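Worksheet: the structure to be examined is printed underneath.
All values derive from a computational prediction rather than experimental measurement.
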Amino acid sequence: MDWMPLLSTLTGAAIGIAATLIADRNRWRREEARHALEIRREVYTEFVSALKAAGEEIRAVALGDHMSASARDAAVPLPAE
């Protein structure tokens, strides 16, 4: 029995399977990186929005008439946890 055709077929199948696995892994990594970037952008946007709102609140308190210390403390909202 000639073993060359069988070995060639098995080698080709192994190469095909390996190439498919590598391509799927690369695609998965790209999708994960894209997803991580989207989440990072959302978090940065929320942070900048909260920072801007806090700055506006602090500025409003600073420009308001001179309230007592306890009234100023109550006017500035604490961040949500």
Side-chain angles (χ1 to χ4, degrees):
M1 176 176 187
D2 191 15
W3 290 96
M4 261 334 246
L6 179 61
L7 289 176
S8 297
T9 302
L10 290 176
T11 303
I15 291 171
I17 290 170
T20 301
L21 291 174
I22 290 171
D24 285 347
R25 175 74 175 168
N26 288 339
R27 186 179 312 115
W28 177 79
R29 281 185 179 174
R30 278 194 312 271
E31 289 173 0
E32 284 296 312
R34 187 177 302 127
H35 182 66
L37 180 61
E38 289 174 11
I39 289 174
R40 196 175 320 135
R41 283 181 180 161
E42 289 174 12
V43 169
Y44 289 167
T45 302
E46 290 177 20
F47 174 76
V48 170
S49 297
L51 186 63
K52 183 176 187 281
E56 289 174 356
E57 291 289 333
I58 291 170
R59 185 172 188 273
V61 169
L63 292 178
D65 56 344
H66 299 288
M67 299 181 277
S68 66
S70 61
R72 280 195 308 264
D73 290 342
V76 177
L78 295 177
E81 292 184 22

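The pair K52-E56 counts as a salt bridge, with a side-chain nitrogen and a carboxylate oxygen less than 4.0 angstrom apart.
One hydrophobic cluster, built from ILVMFWY side chains closer than 4.5 Å, holds both L10 and W3.
For the atom pair CH2 of W28 and CG of L21, the computed distance is 14.0 Å after rounding to the nearest 0.5 Å. The distance from the CG atom of L37 to the CD atom of E42 is 10.0 Å, given to the nearest 0.5 Å. The distance from atom CG of L6 to atom OG1 of T11, rounded to the nearest 0.5 Å, is 9.0 Å. To the nearest 0.5 angstrom, E46 atom CD is 13.5 Å from L51 atom CG.
Contact of the R34 side chain with the E31 side chain is registered, since non-hydrogen atoms from C-beta on lie closer than 4.5 Å.
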